[in-house]
Amino acid sequence: MNMQTSINLKIDNTATPDWWRGAVIYQIYPRSFQDSNGDGVGDLAGIVQRIPYIASLGVDAIWISPFFKSPMKDFGYDISDYRDIDPMFGTLSDFDDVIETAHAHGVRIMIDLVLSHTSDQHAWFGESKLSRDNAKSDWYVWADPKPDGNPPNNWLSIFGGSAWEWHGGREQYYLHNFLKSQPDLNFHNLDVQEALLDVARFWLERGVDGFRLDTINFYMHDAELRDNPPLAVEKRNSTIAPQVNPYNHQEHLYDKNQPENLTFLRKLRAVMEPYGAAAVGEVGDAQRGLEIMGEYTAGDDLMHMCYAFEFLTNDQPSAAYVAKVMGDVDVVAADGWPCWAFSNHDVVRHRTRWNADRGMLKVMSTMMMCLRGSACIYQGEELGLGEADVAYEDLQDPYGIQFWPEFKGRDGCRTPMVWQQSNQNGGFSDGKPWLPVPPEHMSQNVQAQEDDPDALLHHYRAIIALRHEFPALQSGAHSGVKAEGDIVYFERFNDEERLFCAFNLSNSDQELALPNGQWSAIGESIGNMAQMQNGKLKFGPSQMFLAKAD
């Protein structure tokens, strides 16, 4: 079968090059989505099995977390071969089936490329570590020790401790911003850049529609290896690393966010353009996240979108906070494009983080579908799953094992998807799952919610359909997001339509004056709607109001 011909008959990204703008992207963590062979680990064949369900949500694309060959020290974010599938997930043929099946259902596939570092078991590192003068000796970030033998500078790893690891063979340190088994590639070497661009070409030729780019602002380091300055206590926050991690004590001026990164991103965009592919870059920075997003998505020759952390907060965003974030975007990224998320594979699920009830989950998810930007949904979010409490003896995440018990790691958001109540594993696997299925998740399984017309699953389908019904919600401009009391409100518009959106982000009654003009309510089918009375909007707890100008 000619895979490329078959695929292109279904989706031609070059015909709709802005398909990514306002797209709804469904994130799959493949280890925990669907196991097809009973080994307890999700796989690509399992994803194929569940694509009809994903398509039924109405999403535009699927982002699949890494499935490449890997020793799995960081569960796939430590890649040992960029051009092959880890056997636990299947084969390249299985991946072709994912592409073909998704495209047949009108859904695009974005894959998670980890370019900043590899596994220490990658052949490139195997050669690089042999000597200081081999062909790949400069493919990773190597540095001599200080005269006293200490690391070359004070850079810290996100996973704790120094970002430098001593290698006796070369009598040098190598840089690792994450685990010591994840050495950082040297992007100052143009051969490294070209090798990674070839990786992108390989997957684009195979039919992928785009990339989620892991830790995009970590690609380049300061060539002079200057020390990071300390960060004032009042400026520290735990959005990138947990509070107990000393990583939060530095201002990361030199270990990431280097201006030379833009040159490489332009090269990557040029590789993607002929395919109509799109990229969303993950910006991991607690101090300059939105500013960097603006830099990396400005114009039409850098990244299409950047994945923002501002709504991955520990506390539920208030109306004032939402207005501030969106106002900041208007200032530092007016020419850029954000991609919003409430949950992902690295943070506590937002139902638990925010202690959100069902009504609040509905109003917050609807608001996200109305904000300017694209949107990511993490598997199980549409079911209202909360964070699982994984016992220490069941932990798999090295991050949690390192910082237990103050930080329990990321396993609690990575437990298996629950599909049905057919066995103790929620239909995820016939074998013992790699992480236990929480008993409290079982009643929230997909099959049970399909049979319940009032389930959160149907709400997600309704709000995604609403987003597609009104193009202004996908790609239109906005009037500026404002807050009044606990209500956040704004207008979205394009040349054909003007919409008004307001959300009560509290559990108390609120009131808001209706803007001037004639308005017709929309989206009544999603429920929780405020009432219009004498030119005012009367909101109950967790209610919203959506209207179109007549």
Side-chain angles (χ1 to χ4, degrees), residues 3-28 47 51 54-64 98-113 200-201 203-213 216 265 268-282 293 296-308 333 335-341 368-377 460-461 463-478 492 494-497:
M3 285 297 303
Q4 196 64 45
T5 301
S6 174
I7 288 168
N8 285 342
L9 287 173
K10 299 298 181 184
I11 293 180
D12 180 5
N13 291 322
T14 60
T16 53
D18 281 347
W19 64 264
W20 52 272
R21 196 178 292 275
V24 180
I25 303 167
Y26 187 89
Q27 182 195 354
I28 288 177
I47 292 175
I51 281 175
I54 301 169
S56 78
L57 299 175
V59 301
D60 302 283
I62 298 169
W63 148 27
I64 308 177
V98 171
I99 292 280
E100 186 176 26
T101 306
H103 284 186
H105 284 80
V107 180
R108 295 171 170 87
I109 293 293
M110 305 178 77
I111 64 172
D112 205 329
L113 271 189
R201 292 185 186 100
W203 292 103
L204 290 166
E205 284 293 321
R206 207 152 197 111
V208 304
D209 303 288
F211 304 112
R212 184 267 192 182
L213 299 168
I216 191 173
L265 296 183
L268 181 56
R269 175 70 178 258
V271 167
M272 299 172 67
E273 282 296 287
Y275 300 88
V280 52
E282 178 201 29
M293 181 184 77
Y296 285 15
T297 63
D300 58 4
D301 64 345
L302 290 165
M303 295 298 92
H304 303 76
M305 351 169 225
C306 271
Y307 188 83
D335 191 33
W337 196 259
C339 186
W340 304 113
M368 184 165 72
M369 291 299 157
C370 295
L371 290 173
R372 178 180 175 271
S374 299
C376 278
I377 298 170
Y460 267 79
R461 287 192 176 117
I463 59 178
I464 294 170
L466 183 78
R467 186 176 177 93
H468 287 124
E469 181 181 355
F470 295 99
L473 292 180
Q474 291 179 278
S475 56
H478 70 181
R492 298 293 308 276
N494 57 21
D495 291 340
E496 286 78 39
E497 60 190 15

Evaluate the side-chain proximity of M369 to I464: yes if any heavy-atom separation is below 4.5 Å, no if none is.
yes
Determine yes or no for a side-chain-to-main-chain donor-acceptor pair under 3.5 angstrom, with Q27 supplying the side chain and I62 the backbone.
no
Does the side chain of L466 reach to within under 4.5 Å of the side chain of L473, using non-hydrogen atoms?
yes
Compute whether any side-chain donor of one residue and acceptor of the other, for D209 and H103, lie under 3.5 angstrom apart.
yes
What verdict does the side chain to side chain contact (heavy atoms under 4.5 Å, CB included) test give for V59 and R461, after you've listed the backbone C-alpha separation in whole Å, the side-chain angles of each residue and the deciding distance to 0.1 Å?
CA-CA 9 Å; V59 301; R461 287 192 176 117; over 6 Å; no
Tell me, do V107 and I51 make a side-chain contact under 4.5 Å, heavy atoms counted?
no
Of all the heavy-atom pairs spanning A55 and H105, show the shortest one and how long it is.
CB-CB, 3.9 Å
Can you tell me how far CD1 of I28 sits from CE of M110, rounded to the nearest 0.5 angstrom?
13.0 Å
Tell me, with the steps shown, if F211 and W203 meet side chain to side chain contact (heavy atoms under 4.5 Å, CB included).
CA-CA 9 Å; F211 304 112; W203 292 103; 4.1 Å; yes
Hey, does I216 have a side-chain heavy atom less than 4.5 Å from the side chain of M293?
no
Taking side chain as C-beta onward, heavy atoms only, is H304 less than 4.5 Å from T297?
no
Indicate the atoms forming the closest heavy-atom contact of M303 with A279, along with that distance.
SD-CB, 3.8 Å
Should E205 and R201 be marked as a salt bridge (Lys or Arg N to Asp or Glu O under 4.0 Å) after you check the CA-CA gap, both sets of side-chain angles, and the distance that decides it?
CA-CA 6 Å; E205 284 293 321; R201 292 185 186 100; over 6 Å; no
With sequence neighbours excluded, residues passing salt bridge (charged side-chain N to carboxylate O under 4.0 Å, His left out) with R108:
none
Intermediate values then yes/no, side chain to side chain contact (heavy atoms under 4.5 Å, CB included), C339 and C306
CA-CA 6 Å; C339 186; C306 271; over 6 Å; no
Contact between P338 and R372 at the side-chain level, heavy atoms closer than 4.5 Å - yes or no?
yes
Quick one: which of I111, I11, V208 gives a side-chain contact (heavy atoms from CB on, under 4.5 Å) with I99?
V208
Between W19 and D60, is there a side-chain donor-acceptor contact under 3.5 Å, judged purely by atom types and distance?
no
Tell me if a side-chain donor or acceptor on R21 pairs with a main-chain N or O of Q474 at a distance below 3.5 Å.
no
Using only atom types and a distance under 3.5 Å, with no angle test, would you say the side chain of R212 pairs donor to acceptor with the backbone of G281?
no
Interatomic distance, CG@L265 vs CG@L213, rounded to 0.5 Å, equals 8.0 Å
Nearest 0.5 Å, what's the CG-CE distance between L268 and M272?
6.0 Å
Do C376 and W340 make a side-chain contact, defined as non-hydrogen atoms from C-beta onward lying under 4.5 Å apart?
no
Taking R492 for the side chain and A472 for the main chain, is one N or O donor matched with an acceptor at less than 3.5 Å?
yes
Residues at least two apart in sequence or cross-chain that pass salt bridge (charged side-chain N to carboxylate O under 4.0 Å, His left out) with D301, listed by chain then number, are R266
Just wondering, do W20 and D18 contact through their side chains at under 4.5 Å, heavy atoms?
yes
Mind checking the OG-OH spacing from S56 to Y460? Nearest 0.5 Å is all I need.
14.5 Å
Looking just at side-chain N and O atoms, do S374 and W337 make a donor-acceptor pair shorter than 3.5 Å?
yes
Verify side chain to side chain contact (heavy atoms under 4.5 Å, CB included) between L302 and Y296, making sure each step is shown before the conclusion.
CA-CA 6 Å; L302 290 165; Y296 285 15; 5.6 Å; no
